[in-house]
Amino acid sequence: MSELKVYNSLKRQKEVFTPLYPGHVGMYVCGPTVSGESHLGHARPYITFDVVYRYLQHLGYKVRYVRNITDAGHFEEEGREAEDKISKKAQLEKLEPMELVQKYTNLFHWAFREFNTLEPSIEPTATGHIIEQIEMIKTIIDKGYAYEVNGSVYFDVKKYASTHDYGILSGRVLEDMLETTRELENQDEKRNKVDFALWKNAPPEHLMRWPSPWGEGFPGWHIECSAMSSKYLGTQFDIHGGGMDLQFPHHECEIAQSEIAHGELMARYWMHNNMITIDGRKMGKAYNNTIRLTELFSGDNYQLEKPYSPMTVRFFILQTHYRSTLDFSNEALQAAEKGLQRLWAAYDVLQKLGYTKTEGALNEDLDKQVRTWCEECQDFMNDDINTAKVLANLFEITPVINSLKGGQIKMHEISEDTFQLIKKTWKTWLIDILALEPENQASDNNTLDGVMQLIIEMRKEAKSRKDYAASDRIRNQLLAAGIQLKDEKDGSVSYTIQ
RNA sequence: GGUAUCGUGGCCGAGCGGCUAGGCUGAGCUCUGCAAAAGCUCCUACAGCGGUUCGAAUCCGCUCGAUACCUCCA
């Protein structure tokens with residue numbers, strides 16, 4: 001069996017994954033800033049790393065998955081007047097900052113339950129770790145890599161770069177950045193343009209503020225991740241994940257701070273998911289092309305032709321490798337919707353199908369092919385979490401499942417072992433790891449089922465009288481009501497709720 | 001301007017030097033009272049131009065095009 005390899009942004013290549021402590025994995029993923037509603041773009045990292053989390057557990061690791069909630073807000077733009085994003089909006093909406101934070105945190109949790117993501121082991125908030133952040137800043141100052149100006153504290157990037165590799169993750173060259181970083185206003189507090197804030201002095205109108213050795217203020221935008229990851233995962237841990245757009249400056253700054261404070265590289269494997277684009281452009285507030293998750297589920301956005309269910313979106317995301325960009329379009333979402341329904345239908349068939357020995361010889365080629373498809377899934381996942389290929393193999397197996405039911409393939413053509421392997425494969429990958437659980441669970445409604453059996457019986461009688469007008473009317477009206485009848489090969493009738 | 005990434009059939013997307021994924025759409029056929037579902041078959045692509053190689057979508061160079069980061073950003 002193959003070993004798990006992941007693409008490490010730090011080394012720009014795939015590497016065999018070896019945890020720091022055998023049997024245990026520490027994983028930190030940059031979480032949401034709860035100053036507003038999550039959009040489709042945000043779905044990608046949390047779904048991607050949900051699969052990573054599930055897969056690591058499947059491999060037998062005990063995983064501590066930490067994903068923060070950024071509720072302290074960042075200042076709007078470095079160098080400009082410091083403004084707390086969250087406080088600014090709260091004032092507009094006449095809400096307490098924490099009220100706003102609570103609202104969007106709840107909404108975030110709701111949306112990602114809809115996406116069937118597992119909850120992280122620890123979900124620390126920035127506001128809950130002000131003390132840890134201050135302590136870390138003090139350490140960095142003590143070590144001589146940060147300086148205070150007017151109640152704010154900045155990290156001295158130039159000094160850091162003289163002895164350490166600043167740019168190790170993002171490939172930046174400090175000299176280039178010193179030359180090319182564009183002019184920003186109010187930069188005079190910093191010794192160099194590339195320096196970044198660890199602590200910002202809070203202007204009087206700023207609502208979110210905490211006392212510190214440097215006066216009242218709030219933490220800079222990178223320090224929370226360094227402080228909280230080290231608290232819960234140790235000063236060095238296994239996997240740090242997040243969107244590619246965080247690689248620079250966010251993750252680069254995290255590395256620099258942590259290196260000084262703790263004396264070691266904070267994370268050994270850095271995994272970055274690519275962006276979701278729309279019409280070829282990154283989806284983001286700056287482009288005015290976001291689709292909020294609530295809009296996505298309701299269809300209420302000018303870019304949407306119809307609503308898309310959380311599972312459709314999850315499937316859509318997993319059908320692409322996480323390091324590729326993924327372009328949103330209604331056509332692509334609708335294709336995903338149909339494809340997923342096909343997988344679910346096959347899974348449903350599989351649930352009801354038992355292995356019944358029939359007379360005849362084994363079809364060795366088929367049997368072998370099916371086994372290969374099943375076994376490859378693990379290899380695909382080991383190859384940098386290639387969910388796209390896993391799904392492709394499930395689609396390869398789908399006609400086999402349907403043919404076993406339809407009789408195009410006889411049971412004896414595959415061995416019982418292989419049959420059980422198919423069942424296990426689908427359960428493991430579709431349900432447990434990719435976590436694409438069927439959404440319509442209405443079939444365990446006994447009342448409805450009783451009614452349906454009666455209607456089906458009545459239609460059968462009409463058919464036996466060759467009263468096709470009546471039988472078709474029943475079928476068509478049920479369809480209009482959202483219930484699809486299927487005349488099975490063996491004469492029975494099943495139904496699905498749309 | 002700097003630094004990267006990418007350009008695959010009608011659409012979405014795998015792909016990491018040879019065996020030409022997969023999904024959706026379209027066409028035909030089988031099954032069916034008719035449908036639906038399902039099964040089978042077909043539509044065989046890698047931006048362009050050079051180069052390396054027995055052999056390239058895959059490696060190298062150039063050209064064209066697109067995107068991302070350099071500023072909050074998943």
Side-chain angles (χ1 to χ4, degrees), chain A residues 12 14 29-33 35 38-49 73-80 83 85 167 170-173 175-177 179-182 184 194 221 241-250 252 272-277 280-287 290 315-316 319-321 323-340 342-343 345-346 349 380 383 386-396 398-403 405-409 463 466-468 471-472 475-476 479 484-489 494 496:
Chain A
R12 291 161 189 266
K14 287 180 198 170
V29 174
C30 289
T33 301
S35 61
S38 298
H39 61 72
L40 175 58
H42 298 112
R44 193 148 195 208
Y46 308 129
I47 289 173
T48 297
F49 288 103
H74 298 317
F75 43 87
E76 212 71 78
E77 258 182 312
E78 193 179 8
R80 287 206 187 161
E83 300 179 291
K85 234 156 82 177
S170 58
R172 307 279 148 160
V173 178
E175 285 69 33
D176 291 347
M177 292 176 56
E179 284 168 21
T180 60
T181 300
R182 82 177 75 156
L184 294 168
V194 289
W221 29 302
M244 257 178 197
D245 49 355
L246 295 181
Q247 212 171 59
F248 189 89
H250 185 56
E252 197 71 60
H272 292 99
N273 62 274
N274 215 317
M275 301 292 102
I276 289 181
T277 59
R281 292 208 77 120
K282 177 182 166 184
M283 183 176 286
K285 275 185 181 166
Y287 303 114
T290 58
F315 174 81
F316 174 66
Q319 221 183 355
T320 307
H321 185 83
R323 282 192 291 112
S324 300
T325 55
L326 172 58
D327 198 49
F328 169 88
S329 71
N330 282 283
E331 210 181 349
L333 257 295
Q334 282 162 33
E337 190 172 69
K338 288 191 180 172
L340 179 58
R342 191 145 175 271
L343 290 183
V349 167
F380 294 155
D383 186 14
N386 199 329
T387 56
K389 291 191 93 173
V390 172
L391 284 168
N393 268 27
L394 295 185
F395 276 112
E396 294 278 17
T398 296
V400 176
I401 294 169
N402 288 327
S403 294
K405 183 197 174 198
Q408 293 94 337
I409 296 173
K463 278 178 75 173
K466 298 215 187 289
D467 183 359
Y468 295 124
S471 70
D472 287 356
R475 188 175 63 199
N476 293 338
L479 187 63
Q484 167 108 60
L485 290 186
K486 283 186 204 168
D487 292 328
E488 302 290 355
K489 282 252 184 332
S494 64
T496 54

[X] side chain, from C-beta outward: closest of [options]:
X: Asn386(A); options: C69(B), A14(B), G39(B); result: A14(B)
X: Asp327(A); options: C12(B), A36(B), A74(B); result: C12(B)
X: His42(A); options: A74(B), G2(B), U71(B); result: A74(B)
X: Asp245(A); options: A74(B), C16(B), A38(B); result: A74(B)

Contact state string [nucleotides 17-23 of chain B, B base, S sugar-phosphate only, - no protein heavy atom under 4.0 Å]: ----BSS

Nucleotides 27-34 of chain B: protein proximity per nucleotide (B base, S sugar-phosphate only, - neither; heavy atom, under 4.0 Å): ----S-BB

Rounded to whole Å, please give me the gap between [atom1] in [X] and [atom2] in [N].
X: Glu331(A); N: G10(B); atom1: CD; atom2: C1'; answer: 8 Å
X: Trp221(A); N: C70(B); atom1: CH2; atom2: P; answer: 8 Å
X: Phe316(A); N: C12(B); atom1: CZ; atom2: C1'; answer: 7 Å
X: Asn274(A); N: G13(B); atom1: CG; atom2: C1'; answer: 14 Å
X: Lys285(A); N: A74(B); atom1: NZ; atom2: P; answer: 8 Å
X: Arg172(A); N: A4(B); atom1: CZ; atom2: P; answer: 9 Å

Mind checking if [X] touches a base, just sugar-phosphate, or nothing, with heavy atoms under 4.0 Å?
X: His272(A); result: nothing
X: Gly280(A); result: sugar-phosphate
X: Leu479(A); result: nothing

base_contact_polar (C73(B) base, Lys282(A) side chain, donor-acceptor, <3.5 Å):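 A donor-acceptor contact between them is present.
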
Residue whose closest nucleotide on RNA chain B lies nearer the 5' end, Ala43(A) versus Ser329(A):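 The residue whose closest nucleotide sits nearer the 5' end is Ser329(A).
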
5' priority, RNA chain B, between Gln408(A) and Met244(A) [closest heavy atom]: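 The 5'-side residue here is Gln408(A).
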
C1' atoms of G51(B) and G39(B), separation to the nearest Å: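 Taking atom C1' in both G51(B) and G39(B), they lie 48 Å apart.
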
Separation between the C1' atoms of G55(B) and C19(B), rounded to whole Å: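 Roughly 13 Å separates the two C1' atoms.
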
Does [X] put a side-chain nitrogen or oxygen below 4.0 Å from OP1 or OP2 of [N]?
X: Tyr287(A); N: A68(B); result: yes
X: Asn273(A); N: A74(B); result: no
X: Ser324(A); N: A14(B); result: yes

Pairing annotation in dot-bracket form, given for RNA chain B with Watson-Crick or G-U pairs under 3.5 Å and | for cross-strand partners: ((((((((.[[[..)..(...]]].(((((.......)))))....[[[[[..)....]]]]])))))))....

Row check, Phe248(A) ring normal vs Arg172(A) NZ/CZ: under 6.0 Å, within 45°: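 Yes, cation above the ring, under 6.0 Å and within 45°.
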
Side-chain donor-acceptor pair present, Asn273(A), Thr48(A), cut-off under 3.5 Å: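 On atom types as modelled, these side chains do not qualify, holding no pair under 3.5 Å.
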
